[in-house]
Amino acid sequence: MSTIALVDVNNFYVSAERVFNPKLEGVPVVVLSNNDGCVVARSQEIRALGVTMGEPWFKLRDLVKEHGIVALSSNYALYADISNRVMTILSDFSPRQEVYSIDECFLDLEGIPDLTQTGQTIRQRIRKWVGVPVCVGIAPTKTLAKLANHVAKKRSQYQGVCNFKEMPVEDIDQILASIEVGEVWGIGRKLNAHLQRGGIQTVKQLRDFDILRLRRRFGVVMERTVRELRGEPCLEMAEVSPPKQQIISSRTFGRYVTDLHELEGAVSTYMSRAAEKLRRQASVAATAYVCIRTNPHKDGEPQYSPGMMIGLPHPTNDTRELVQAVLTCLHRIYRDGFRYQKAGVMLSDITPEGISQGELFASQPVTPKASKLMSTLDQINRKMGEGVLKLASDGVEQEWKMKRGNKSPAYTTRWDELPIVR
DNA sequence: TCTGGGGTCCTAGGACCC
DNA sequence: TCTGGGGTCCTAGGACCC
C-alpha cells in the first residue's frame with residue numbers, strides 16, 4: 001500500500017503577493033494574466049464575490065469600485081522564487097518528491113508514522129519559513145490525495161490536513177458521496193457533463209460504477225481514474241521531469257500590430273525565448289512552427305489566423321537558424337490589412353542534443369562554435385537579465401510588448417527591488 | 001477600449017504496406 | 001454490383017491539467 005501526500009499552496013499567486021505586502025491580507029485581491037487580460041488567481045474574498053477563474057478583467061469594473069478590489073499584474077519572477085523555497089522545504093519531508101506544478105507537489109510518505117501530524121508540521125513550517133498557507137491531502141493514490149487536499153481546503157474542521165489513510169471507510173464514503181464528480185482530477189467540464197447526464201453525480205457513484213462500461217464509453221484514462229479512486233495506484237510518482245516534447249512561446253501584444261516588420265520583431269523574440277528553453281534542457285528540435293492571429297472576440301472585424309510548420313535542414317538549437325526558419329514562414333503567411341493581436345512559435349520533434357540521427361543527410365549539425373556562442377548568450381542573459389543580449393531581428397523599439405500595469409516589485413530576485421523595512 | 005500561456009495524453013481516421 | 005485482413009505511422013483534434 002502506498003502513501004502519497006499532495007501539498008498545495010492556497011491561492012498561490014495571491015498568497016505570494018501577500019508575503020511582501022501584508023496590507024493585502026483580508027482584502028479582495030486578484031492577480032491578472034499577461035496584458036492584464038483576465039483573472040488567473042483569486043483570494044478567498046474574491047471567490048466569495050462570485051468571480052470565476054479566467055473571467056475577463058474589464059467585465060469586473062463595477063465590482064471593483066463597489067468592493068475595493070486590488071488587482072495585480074502577474075509577477076512570475078516572484079512566484080517562481082517563492083515556489084522554489086516551498087519545494088525545497090518540502091523535499092526535506094520525503095526522499096521522493098514530484099513537483100507537479102508551480103504551487104503543488106506530491107510527496108511519497110510511505111513508512112512515515114503519524115501522517116496527520118506530519119501534515120501539520122508541513123503546514124506550520126511553510127507558513128513560518130516562507131509565509132504562505134498550504135493544505136495537505138494524504139491517501140493511497142495520487143487521485144485520492146488530490147481529493148483529500150480539496151477536502152482539507154474546503155472543510156475547516158480538518159485544519160488544513162485531510163488524511164484518508166487513517167480514516168474509517170464509512171467516513172470516506174460519506175465524504176465522497178458529498179463531493180461532485182467534476183472535482184475529481186481528470187474529470188473536466190465535458191466529462192462532468194457526460195457523467196451527470198448518465199446519472200453519475202458524486203465521486204462515490206463514479207468510484208462504484210461498473211468499470212468495464214466506463215472504459216468502453218470513455219477510454220483508458222477514465223478507467224485509471226476510477227481505479228485510483230478505489231485505492232489502486234495507476235499513476236507513478238515522476239520525480240525527474242522528462243524533457244519537454246514541445247516548447248511553445250506565444251504572447252498577446254500590448255496593442256494591435258499591422259506591420260510585418262513589427263511582427264518579425266515579435267516572432268524573433270518569441271523564438272529566442274523558445275530556443276533558450278530548448279538549450280536549457282539540452283535538446284535540439286527538427287521542426288518549427290509559427291502562427292499569428294487577429295482578435296477572435298471581435299465580431300465584424302476581418303479574421304485571419306494562419307500558421308505554418310517548417311522542417312529544419314537538421315535538428316538544431318541555434319537561435320539564429322530557428323529565427324530564420326520562422327521568419328521565412330511568417331513572410332509566407334502574412335497578409336496585409338489585418339489587425340493582429342497575437343503571435344506564437346513552437347518547437348517540436350525534440351531530441352537530446354548530441355544524439356545525431358540521420359547524419360547522412362544532415363547538411364551541417366550544430367557546430368562547436370555555434371554551441372559556444374549560444375551558451376555565452378544564455379549565460380549573459382541569465383546574469384544580466386532577460387533580453388539584455390539579443391538578435392537584431394528582435395527589434396529595438398518593441399512597442400508590441402505586453403502591458404503589465406500593476407506589477408509588484410521583484411522583491412526577491414532583483415537587488416534594486418528588495419523590500420525596504422522601516 | 002479591454003478576453004493568458006504552456007503543456008500532456010489519447011483516439012480516430014487516413015495513407016500506405018504486405 | 002460485388003470489393004480481405006491485418007499492421008504501422010502520421011496527423012488533427014479533443015480532452016484534460018495548472
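In this text, all values refer to a predicted model and were calculated from it rather than measured experimentally. Naming convention: chains lettered A, B, ... in sequence-line order (proteins, then strands); numbering from 1 in each chain.
Side-chain contact annotation: A:Asn295 with A:Tyr256, donor-acceptor N/O pair under 3.5 Å present. A donor-acceptor contact closer than 3.5 angstrom links the side chains of A:Asn192 and A:Gln196. Between the side chains of A:Thr316 and A:Asp318, not a single donor N or O lies within less than 3.5 Å of an accepting N or O.
Using cut-offs of 30° and 60° for the angle between ring planes, the A:Tyr411 and A:Phe20 rings count as parallel. Between A:Tyr340 and A:Phe338, the two ring planes are tilted [angle within 30° to 60°].
Applying the salt bridge (Lys or Arg N to Asp or Glu O under 4.0 Å) test to pairs two or more places apart or on separate chains, none has a residue in residues 184-198 of chain A. Applying the salt bridge (Lys or Arg N to Asp or Glu O under 4.0 Å) test to residues at least two apart or on different chains, none of the pairs has a partner in residues 281-297 of chain A. Residue pairs meeting the salt bridge (Lys or Arg N to Asp or Glu O under 4.0 Å) criterion with at least one member in residues 44-57 of chain A, sequence neighbours excluded, are A:Arg18-A:Glu45.
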Query raised in the report: Do A:Arg414 and A:Glu417 pass the salt bridge (Lys or Arg N to Asp or Glu O under 4.0 Å) test, and can you show the C-alpha distance, the side-chain angles, and the key distance before you say yes or no?
Result: CA-CA 5 Å; A:Arg414 291 189 66 98; A:Glu417 296 183 17; 3.7 Å; yes
Query raised in the report: Which is it for A:Lys277 and A:Lys244 under the side-chain contact (heavy atoms from CB on, under 4.5 Å) test, yes or no, and what are the steps along the way?
Result: CA-CA 9 Å; A:Lys277 289 189 210 168; A:Lys244 301 265 180 275; over 6 Å; no
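Distance check: A:Thr143 OG1 to A:Glu228 CD gives 3.5 Å after rounding to the nearest 0.5 Å. With values rounded to the nearest 0.5 angstrom, A:Glu276 atom CD is found 8.0 Å from A:Thr319 atom OG1. To the nearest 0.5 Å, atoms NZ (A:Lys146) and OH (A:Tyr100) are separated by 5.5 Å.
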Each nucleotide N or O in nucleotides 2-4 of chain B that has a protein N or O under 3.5 Å away: list the pair and distance.
| from | atom 1 | to | atom 2 | distance (Å) |
| --- | --- | --- | --- | --- |
| B:dC2 | OP1 | A:Tyr256 | OH | 3.2 |
| B:dC2 | OP2 | A:Lys298 | NZ | 2.4 |
| B:dT3 | OP1 | A:Gln341 | NE2 | 2.9 |
| B:dG4 | O4' | A:Ser33 | OG | 2.9 |

Collect all protein-nucleotide pairs involving nucleotides 10-12 of chain B in which both atoms are nitrogen or oxygen and the distance is under 3.5 Å.
| from | atom 1 | to | atom 2 | distance (Å) |
| --- | --- | --- | --- | --- |
| B:dC10 | OP1 | A:Arg224 | NH2 | 2.8 |

Could you pull out the protein-nucleic contacts involving nucleotides 13-18 of chain C (nitrogen or oxygen on both sides, under 3.5 Å)?
| from | atom 1 | to | atom 2 | distance (Å) |
| --- | --- | --- | --- | --- |
| C:dC16 | OP1 | A:Gly188 | N | 3.1 |
| C:dC16 | OP1 | A:Gly188 | O | 3.2 |
| C:dC16 | OP1 | A:Lys190 | N | 3.2 |
| C:dC16 | OP1 | A:Leu191 | N | 2.7 |
| C:dC16 | OP2 | A:Lys190 | N | 3.3 |
| C:dC17 | OP1 | A:Gly186 | N | 2.9 |
| C:dC17 | OP1 | A:Ile187 | N | 3.4 |
| C:dC17 | O3' | A:Trp185 | NE1 | 3.4 |
| C:dC18 | OP1 | A:Lys146 | NZ | 2.8 |
| C:dC18 | O3' | A:Ser101 | OG | 2.9 |
| C:dC18 | O3' | A:Asp103 | OD1 | 3.2 |
| C:dC18 | O3' | A:Glu104 | OE2 | 3.4 |

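For the pair A:Lys142 and A:Phe106, the cation-pi criterion (under 6.0 Å, within 45° of the ring axis) is fulfilled.
With sequence neighbours left out, A:Met53 forms a side-chain contact (heavy atoms from CB on, under 4.5 Å) with A:Arg42. Residues forming a ring-ring contact (aromatic ring centres under 6.0 Å, His included) with A:His194 (at least two apart in sequence, or on another chain): A:Phe218. Applying the side-chain contact (heavy atoms from CB on, under 4.5 Å) rule to A:Phe209 yields the partners A:Ile200, A:Arg213, A:Leu214; only residues at least two apart in sequence or on another chain are considered.
Counting non-hydrogen atoms under 4.0 angstrom, A:Gln245 reaches the backbone sugars and phosphates but no base. Contacts of A:Ser249 with the nucleic acid, taken as non-hydrogen atoms under 4.0 Å apart, involve only primed sugar atoms and P, OP1 or OP2. Within 4.0 Å (heavy atoms only), A:Ile247 reaches sugar-phosphate atoms of the nucleic acid but no base atom.
Residues from residues 264-277 of chain A that place a heavy atom under 4.0 Å from any atom of DNA chain B, listed by number: A:Arg273, A:Lys277. The stretch residues 200-208 of chain A has no heavy atom under 4.0 Å from DNA chain B, so no residue of it qualifies as close.
Checking each of A:Leu115, A:Thr3, A:Ile138, A:Ile172 against A:Phe164 for a side-chain contact (heavy atoms from CB on, under 4.5 Å) leaves exactly one that passes, namely A:Ile172.
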**Report entry** Base-pairing string, 5' to 3', of DNA chain B - Watson-Crick or wobble, under 3.5 Å, | interstrand
**Finding:** ....||||||||||||||
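Distance check on atom P: C:dC18 versus B:dT3 gives 25 Å, rounded to whole Å.
Remark: C1' of B:dT1 and CG of A:Leu32 are 16 Å apart, rounded to the nearest angstrom.
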